[in-house]
Every structure is written in structure tokens, then in C-alpha cells.
There are 2 protein chains.
Amino acid sequence: MGSERSEPGSVRPGGRTARVRAAVLQAAGDALAERGFAHLDLADIARRAEVGKTTVYRRWGTVTSLVADLLVDMAEQSLSRTETGSLLGDLKANARLVQRTLADPRQGALFKAMIAAATCEAKTAEALHHFYDIRVEEWAHCVQQAIDRGEVPEDTDTHEVIRAVSAPLYYRLLTSGDPLDEDAADRAAEAAAAAARAGAYLRSK
Amino acid sequence: MGSERSEPGSVRPGGRTARVRAAVLQAAGDALAERGFAHLDLADIARRAEVGKTTVYRRWGTVTSLVADLLVDMAEQSLSRTETGSLLGDLKANARLVQRTLADPRQGALFKAMIAAATCEAKTAEALHHFYDIRVEEWAHCVQQAIDRGEVPEDTDTHEVIRAVSAPLYYRLLTSGDPLDEDAADRAAEAAAAAARAGAYLRSK
DNA sequence: CCCATAACGGGACCCCAGTTTCGTTAATCG
DNA sequence: CGATTAACGAAACTGGGGTCCCGTTATGGG
């Protein structure tokens, strides 16, 4: 009495428990990608993962919190970052990476579904924000290098430049039916670079 | 036999039927805004609209197709467009309009929910795309005027410039917890204007 | 003004997502 | 290696979201 009930998997996270988590997250990603966020039930995920339905309900409970866990998992696996020596080159590399990810049928659907899930619950939204914070943070360095090289003004908000590259690609993914091609990626990078050089992303208003 | 079953409301769209549609769409907007897209059932909407549950299921059937209809309804009501005489001024006006809409608790939640719904079904996605096509088309004129004034290069893709203004605002709404303030709107407008002047949105690749 | 019928609405029904129960398996510690 | 118990999983159960049936209302045409 009075003792806090800890989350399942926190006391014995090894062996079987870890295997179950991996299988369920894998199945959740598959289901999310091919069926979409709306018509998705945990029973189906349990079936795919060859795991007891009870287990899924006990450990995650709702679709949104399962997606939140999936996001935590994805945030942990970092992607490599290329360096080309110029701001435009680096931003293009970033834009191409984002574009390829979103254009891929499975990954694209997965990201759409995760964004949808994040609009439905605060916890999931937080996980999504954290995911993007990490990605943005990683790439912000290349903007800092551009500042050091004198390519862009001194107190440019480095994070904001990186976000400016992704924004049009996500906007197109969500609000238009047009395909996400390499031209779109290059245009996003060029626009962000041009705006950054012109001082549109200065920290001081 | 062989006769097509027509959608309810298409043969007798007047009087009661129109009243029911209006009440249901109103209720759907309210429910979407305050409860979110995920935990939303048509029975609850019927209750709010003081309409028979059967009616809602017969005419719309699923949450996503109800959202699609809501989008058609919203696309019909056009918003006024200001003209300031300069590209930056017009883009700022547009950015502020989008920012105020998304920052408003009810409207913001509604837009999030509609985007989420659009990721779940093709029909709804189409309705959403159409909605934005109309909005973008309306504001594209002010970019054309900027071209005529010689502010931006000749074959600038006018629609793309307008989308570039909205993109960062939507991106922030969905992927970050930061508030959508006027600074964000101004920055979006300035970035788009700077990139447009620099020729980042030329039609010819 | 009146008729044919499109569309609405109440209520019974049913299926399955989500819960509860309890027995089984295997992770961790000594 | 053996005891303890966290975590899993099969099966029975339940409640509410979604469907069906059929009577009622009121629209639009003649």
C-alpha cells in the first residue's frame, strides 16, 4: 500500500522482455506503415509479433503510447551526417536524406502515422518533439561551421536553419499530393541557405 | 438492379437535410477540436448535433469521410486577402493569418486533427489537398504582382513561395512544442521573401 | 394542395476491442 | 543451481461502437 506500481519491463528488462519489446515495435512499425494510424488495434499488432494480446495491453495500453515508445526507439538509432565544406552542400545532403526517407513508401507512411499519433496525445507529441530535437541538434553543427566560415551572419539561429530545410518537405508530404522528388529537396536547401545568408534566421528579433 | 445507389443528401439537399448536415459538421468541428481525432466516435457527434445516430452512420459512415466533408465545407468559405504593395508586406500578412489560425486553441486543434485524418485515408487526403490548393491559389496572386514589380525573378513559381511561408509554421505546430508567435510568422515571411528574391523558387530547375 | 418517397430517428441487436483472471515461463539474485 | 517473482500468455468475459429493421417525418414534384 502506497508503493508505486512500476512500469512492466523496468525491473527485468533483459532476455525475453527485450525480445518481446523488439518484436512488438517491429510489428507496430509494419502495421502503422501499411494500415495507417486510424484503423490499428493492439490485438492485430500482438498477432503480427506472435505475442500474447494481454502483454501488449499491459505494457503499452493504447496505440498512442505504443507509438511514443516506437519514437523513443527510433530516436536512439542515430544517422550518419556528411560534411561537404559548404553550407549549401551540407543542407542539400540533409534535404536529400529527409526527402529519401519521406519518399520511401514504408518510411513515409510511418512518419505520417507518427505525426498523426502525436496530434492525439501529449505524451506521444513529447516523444515526437524529442525525436526531432535530436535530429535538428545533430545537423545544427554544420550551420555553426558556416557561421565560423563567415557564410552566414554571426548570431544566426542554427537550429532554425535546419528546421527550415525540413519544413517544406514535410509540408508537401502532408498537404499536397505531389511527389517528393530530388528537385524539391534541392529547392528546400537552396531556399534555406539563401534565407540564412540574408539574415532571416537571426536570434535577436 | 444495376442502378447506382446515390449518396444520401444528393436528391433532397434542402431544408431538413441541409440543417442536419450543418449541425453535424459543427458538432464534428467541436469534437475534433476538443477531443482530438483519435478518440472520436460518430455516436458522440450525433449526440452533440442532436441528430439520430443512424443518420450520421448512413450519410458519412466513418470519421475520416466526415472530416473530408468538413474540409469541403471549409474550403467553400473564402478568407479575405490584404494587399500592402510589397512582397514582404503581403507575405507577412499571410504568415500572420496562418499563425493566428494555428495558434488559436480551437482552430489549431482542428487543423491538427484534419491533417491526422488525412494521413489515414486517401479520400480525406484529397479533400485536404484541395483545401490548401485553393488557399495557395488565392495568395499566389501577390507573388505574381511582385514579379510584375520586378521584386523577384521572372519565372518564379508563385505557388511555391506561398507554400514556403506556411511550411515552417505547420512544421513547428506539428514537430515542436514551441508556441507559434508573431516572430515565427515574420521570420517565415522574411525567409520566403529572401529566398524568392535570391531565385530559389524558379520554375525551371 | 397532395402524393410518393428521400431522409431521419428510435431501439434492438451483435461483434469485437479491451479487461480480468489465473496458471506458466524464465530472468535475476544469492 | 535453486528459489523468488517479474513478466508472459491462454481463455473467458464485458461493454460500447457500429449495424439493421422498420416506423415517422417532411421535401420536392406534379
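Residue numbers start from 1 in every chain, and the chains themselves are labelled A, B, ... in the order their sequence lines are given, proteins ahead of strands. Below, all heavy atoms of this structure are taken into account, side chains as well, without hydrogens, waters or symmetry copies. Just so it is clear, the structure is predicted and the values come from calculations on it, not from any experiment.
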Exercise. Can you check whether A/Thr64's main-chain N or O pairs, donor with acceptor, with A/Thr124's side chain at less than 3.5 Å?
Worked result: yes
Problem set entry | Donor-acceptor contact below 3.5 Å, side chain B/Arg203 vs main chain B/Thr156 | yes
For this session: Please answer whether the main-chain N or O of B/Asp178 pairs with a side-chain N or O of B/Ser176 as donor and acceptor at a distance below 3.5 Å.
Result: yes
Exercise. Do any side-chain nitrogens or oxygens of B/Thr54 fall under 4.0 Å of OP1 or OP2 in C/dG9?
Worked result: no
Problem set entry | Rounded distance (Å) that lies between atom P of D/dA26 and atom CZ of B/Arg16 | 6 Å
Seminar exercise, completed: A/Arg47 CZ to C/dG18 P, in whole Å, measures 11 Å
Exercise. Which nucleotide sits closest to the side chain of B/Arg19: C/dA7, D/dG17, D/dT27?
Worked result: D/dT27
Exercise. When the distance from CG of A/Asp44 to P of C/dG18 is rounded to whole Å, what number comes out?
Worked result: 11 Å
Problem set entry | Distance in angstrom units between A/Glu7 CD and D/dA6 P, rounded | 15 Å
Problem set entry | Presence of A/Tyr57 side-chain N/O under 4.0 Å of C/dG18 phosphate oxygens OP1/OP2 | yes
Exercise. To the nearest angstrom, how far is B/Ile45 atom CD1 from D/dG17 atom C1'?
Worked result: 13 Å
For this session: Quick one: label A/Arg59 by what it contacts on the DNA or RNA (base, sugar-phosphate, nothing), any heavy atom closer than 4.0 Å.
Result: sugar-phosphate
Exercise. Whole-Å distance between D/dA6 P and A/Arg58 CZ?
Worked result: 12 Å
For this session: Select from A/Gly52 and B/Ala43 the residue whose nearest nucleotide in DNA chain D is closer to the 5' end of that strand.
Result: A/Gly52
For this session: Evaluate whether atom CZ of B/Arg35 has more than 12 neighbouring non-hydrogen atoms of other residues, nucleotides or ligands under 6.0 angstrom away.
Result: no
Problem set entry | Spacing between A/His39 atom NE2 and C/dC16 atom P, to the nearest angstrom | 17 Å
Seminar exercise, completed: In whole angstroms, the gap separating C1' of C/dT20 from NZ of A/Lys53 amounts to 11 Å
Seminar exercise, completed: Among the nucleotides C/dA6, D/dG17, C/dA17, whichever has the atom closest to the side chain of B/Asp41 is D/dG17
For this session: For the pair B/Ser65 (side chain) and B/Thr62 (backbone), establish whether a donor and an acceptor sit closer than 3.5 Å, ignoring hydrogens and angles.
Result: yes
Exercise. Base, sugar-phosphate, or nothing: which does B/Thr17 touch, judged by heavy atoms less than 4.0 Å apart?
Worked result: sugar-phosphate
